Student: 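If you scroll down you'll find the structure; I have some questions about it.
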2 protein chains.
Amino acid sequence: MKVTLQTLAEKSGFSITTVSRALAGYSDVNEQTRARIKALADELGYVPNQAARRLQSQQSNTIGLVIPLTDDFSDPFFMELLTGVGRQASTYGYDLLISAHPPGDEEMEAYQRLVSGSRVDGMVLARTHINDPRIAYLKDANHPFVVNGRANVDDFPFIDVDGFRSFHMLTEHFIDYGHRDIAYIGCPPDLGYAAARQHGYEASLTDHGIPINQDYIVEGDLTKPGGVAAAQRLLALNQRPSAIIAGNDLMALGAMQVCRQQGLTVGEDIAVAGFDDIPLSSHADPPLTTVRQPIREIGYQLVDMLITLIRGDMLDESQRLIEPTLIIRASSGKPLN
Amino acid sequence: MKVTLQTLAEKSGFSITTVSRALAGYSDVNEQTRARIKALADELGYVPNQAARRLQSQQSNTIGLVIPLTDDFSDPFFMELLTGVGRQASTYGYDLLISAHPPGDEEMEAYQRLVSGSRVDGMVLARTHINDPRIAYLKDANHPFVVNGRANVDDFPFIDVDGFRSFHMLTEHFIDYGHRDIAYIGCPPDLGYAAARQHGYEASLTDHGIPINQDYIVEGDLTKPGGVAAAQRLLALNQRPSAIIAGNDLMALGAMQVCRQQGLTVGEDIAVAGFDDIPLSSHADPPLTTVRQPIREIGYQLVDMLITLIRGDMLDESQRLIEPTLIIRASSGKPLN
DNA sequence: AAAGTTATCCAAAACGTTTTGGATATTAAA
DNA sequence: TTTAATATCCAAAACGTTTTGGATAACTTT
């Protein structure tokens, strides 16, 4: 028993056109008729059919987001991002379409399905790589999209937390506490943000006249075991670092674990910091110093940008760097005297 | 520059009907023409317009999921569920529509938008309450839906981890380790699963002839501070419990914190267990004994059920209880001698 | 009074698909 | 040779909107 414009037209005695225009608020319909039609629509519970609308308007009023599927527990980062994106989308009257796929070919197919099937008007991307094929595809298809995170090129709209600033801040923090032997567990170099982060770390050292010690720079893979392996190498050095900055919290937690195993008390004998502020970090023992990126807020802003693009308007700034927040916890220890 | 059936018809010299039927695999089109048309479609990159399809077929090929928005960090549970649901949906060729809203009126509106706007063919619900208005609405609208978790009534399709079994198992586990003074921090009673869980706990005690001590049963609110408050009450008792079972991991972690503050070593002086197996639990100190529910798997099965309903087929079993997994970690301590 | 405005309405087209109900030509059966 | 069956095709309708391009009547202005 579904109610369409047709139904309303018959019951009200007006034409489909008038009903449609009355409901849409056009000025060429008598206020009295409009009131009558609106009342009738309410009474019968009229809800416009989306498919018909989309067919006619040639847009889906939907934005898409593909989340990469991993075997282990899903990434809280994406949940936050998704929450932000979904929330903001709905304030614009847009729906959010989700697709979960293991990275690789299947993921690319998902993008194609969403984009060329015109299921979505725009896409939100996250976790970009260098030479990301998804970006290439979307640019080529000339389909609106926004990205969280940078790649090696900058000719598309993105929002990123300032990786340089973040690691500059962390390093400053430790230098401020009197450390000079500060190690860095980096990110896989094919990740868009890897370089900026390392530069932030190095720049801070250089600012303070501390030479960059290549032994103190090791690469990690963003997992906890990766952090363990990296920290083991660092602690085996002749002169071990007095502070470790990891490219994310998971690796930092791995590093903390190694420290404990080797009899070092984190926050006293050695300082450790991470990046992300995952929920685990505040509950760790000791709680982990880290940098927080306002993921949900980023989600909001991504949608703002995307909708602007979808509407064909110009973006006032198509690249935004977000200021991160330093969160100092017990893993920093006390300033050395 | 979009390619429609019209385009293919003109270029191939056949009618729109024939092109459509050729592509759809109908037998009333010559194999040779079919081949020609298919080749042409490939060449021009034809992708059927979803909106038109949906309008014609009167279904959206989409399922919906509303996630409740909270102020703090998003719930990993929903991320897992969403991953499972999204994955399975795509194997059926269905899309997944997400809506994020703070619980309450706005949430209900989201359901209405999705359902009566026929944006989705079916809904997946989670975290149900007693007398859940969403269930009432969906039943009333006669719209296909499946639920993760039970409410007080059973006249709708759901999948739930067996709460009775879970807490029975946990209690058995502690009794097995020699405990008799086992406390229970419960869930808010308006949650659908609260009763079953407490029954599981009580039944296990009764099975072993241990009287149920009402002082050992306190209500929690599923948050960590709630666990703290509950544990403080328990530890203030004349005869404090030797083991605490909490209704979820978060409360268990809160309880562990209280124990530590009062000089008790969890895993030696007192045993603690939770439910959920959130990522935090395995990293806690000591790691927390808990019960895991296979959330992603539940997501798969929910979609199976939902699609069956959407197709109008009968469900062979419209209520499923899933067997939980007991995960014993150091917070259980050693068997008392 | 004629011409121009304004307010209010609507028929028909368009969006791109699928389905219905034949039409036509070809082949097989009577 | 006539009739029945089969293979292959297609025009038109339908799905529910929005938009286009007027039509009509009622006022206003010259």
Side-chain angles (χ1 to χ4, degrees), chain A residues 1-38 40-41 44-62 93 95 113 115-121 311, chain B residues 1-38 40-41 44-62 93 95 113 115-121 311:
Chain A
M1 227 317 305
K2 76 168 29 174
V3 183
T4 71
L5 285 183
Q6 173 81 272
T7 323
L8 297 183
E10 282 164 7
K11 302 241 179 200
S12 70
F14 291 97
S15 74
I16 292 186
T17 308
T18 302
V19 173
S20 171
R21 296 182 76 83
L23 262 20
Y26 279 78
S27 66
D28 66 351
V29 19
N30 187 300
E31 282 308 327
Q32 205 170 319
T33 21
R34 189 199 306 284
R36 254 208 305 253
I37 290 177
K38 273 197 170 160
L40 187 65
L44 301 187
Y46 168 72
V47 182
N49 178 300
Q50 281 309 305
R53 269 209 169 147
R54 289 175 185 180
L55 177 56
Q56 154 68 30
S57 70
Q58 295 288 69
Q59 41 180 344
S60 62
N61 278 306
T62 302
D95 287 330
R113 252 172 38 95
V115 169
S116 13
S118 45
R119 285 170 151 85
V120 300
D121 293 336
R311 295 189 173 150
Chain B
M1 227 295 314
K2 76 167 28 173
V3 183
T4 71
L5 284 183
Q6 173 82 271
T7 322
L8 296 184
E10 281 165 7
K11 301 241 180 200
S12 70
F14 292 97
S15 74
I16 291 186
T17 308
T18 304
V19 173
S20 172
R21 297 182 74 84
L23 261 20
Y26 279 78
S27 66
D28 66 351
V29 20
N30 188 299
E31 283 308 327
Q32 206 170 316
T33 14
R34 188 198 308 283
R36 253 208 306 253
I37 290 176
K38 273 196 169 159
L40 187 65
L44 302 187
Y46 167 73
V47 183
N49 178 300
Q50 282 308 306
R53 271 210 168 147
R54 288 173 187 183
L55 177 56
Q56 154 68 32
S57 70
Q58 295 288 65
Q59 42 181 341
S60 62
N61 277 308
T62 301
D95 287 330
R113 255 172 36 96
V115 169
S116 10
S118 46
R119 285 169 151 86
V120 302
D121 293 334
R311 295 191 173 149

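In what follows, every heavy atom counts, from backbone to side chain, and hydrogens, waters and symmetry copies are set aside. Everything numeric in this text was worked out from a predicted model, so none of it was measured. Reminder, nothing fancy here: chain letters follow the sequence lines and each chain counts from 1.
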Student: Pick the nucleotide of DNA chain D nearest each of A:Leu5 and B:Arg34; which residue has the one closer to the 5' end?
Tutor: B:Arg34

Student: Apply side-chain contact (heavy atoms from CB on, under 4.5 Å) to B:Asn49 and list each qualifying residue two or more places apart in sequence or on a separate chain.
Tutor: A:Leu55, A:Gln58, A:Ser118, B:Lys2, B:Ala51, B:Ala52

Student: Is any side-chain nitrogen or oxygen of B:Arg54 closer than 4.0 Å to OP1 or OP2 of C:dT17?
Tutor: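 False: B:Arg54 side-chain N/O out of range (4.0 Å or more) of C:dT17 OP1/OP2.
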
Student: Could you check whether any side-chain heavy atom of A:Val29 comes within less than 4.5 Å of a side-chain heavy atom of A:Phe14, counting everything from C-beta outward?
Tutor: no

Student: Mind grabbing the angle between the end helix axes of the helix from C:dA1-D:dT30 to C:dA30-D:dT1? Five pairs an end, 10° rounding.
Tutor: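 The helix from C:dA1-D:dT30 to C:dA30-D:dT1 shows an end-to-end axis angle of 60°.
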
Student: Would A:Asp95 and A:Arg53 count as a salt bridge (charged side-chain N to carboxylate O under 4.0 Å, His left out) here? Give the steps.
Tutor: CA-CA 14 Å; A:Asp95 287 330; A:Arg53 269 209 169 147; over 6 Å; no

Student: For A:Val19 and A:Leu40: C-alpha separation, side-chain torsions, deciding distance, then whether side chain to side chain contact (heavy atoms under 4.5 Å, CB included) applies.
Tutor: CA-CA 10 Å; A:Val19 173; A:Leu40 187 65; over 6 Å; no

Student: Going by side-chain contact (heavy atoms from CB on, under 4.5 Å), name the residues that satisfy it together with B:Gln6, two or more places apart in sequence or in a different chain.
Tutor: B:Thr4, B:Glu10, B:Ile16

Student: Reading nucleotides 10-15 of chain C from the 5' end, what letters show protein touch, with B for base, S for backbone sugar-phosphate only, - for no heavy atom under 4.0 Å?
Tutor: BBB-BB

Student: To the nearest Å, how far apart are A:Gln50 CD and C:dT17 C1'?
Tutor: 18 Å

Student: Please name all residues satisfying side-chain contact (heavy atoms from CB on, under 4.5 Å) with A:Ser15, sequence neighbours left out, ordered by chain then number.
Tutor: A:Thr17, A:Thr18

Student: A:Asp121: what forms a salt bridge (charged side-chain N to carboxylate O under 4.0 Å, His left out) with it, not counting sequence neighbours?
Tutor: none

Student: Would you say a side-chain N or O of B:Ser20 is under 4.0 Å from OP1 or OP2 of C:dT19?
Tutor: no

Student: Mark yes or no for whether B:Arg119, through its side chain, and B:Thr62, through its backbone, hold a donor-acceptor pair below 3.5 Å.
Tutor: no

Student: At 4.0 Å (heavy atoms only), tell me whether B:Ser27 reaches a base, stays on the sugar-phosphate, or touches nothing.
Tutor: nothing

Student: So, does B:Tyr26 get its side chain near the phosphate of C:dT19, meaning an N or O under 4.0 Å from OP1 or OP2?
Tutor: yes

Student: Between A:Leu23 (CG) and D:dT18 (C1'), how many Å, whole number?
Tutor: 12 Å

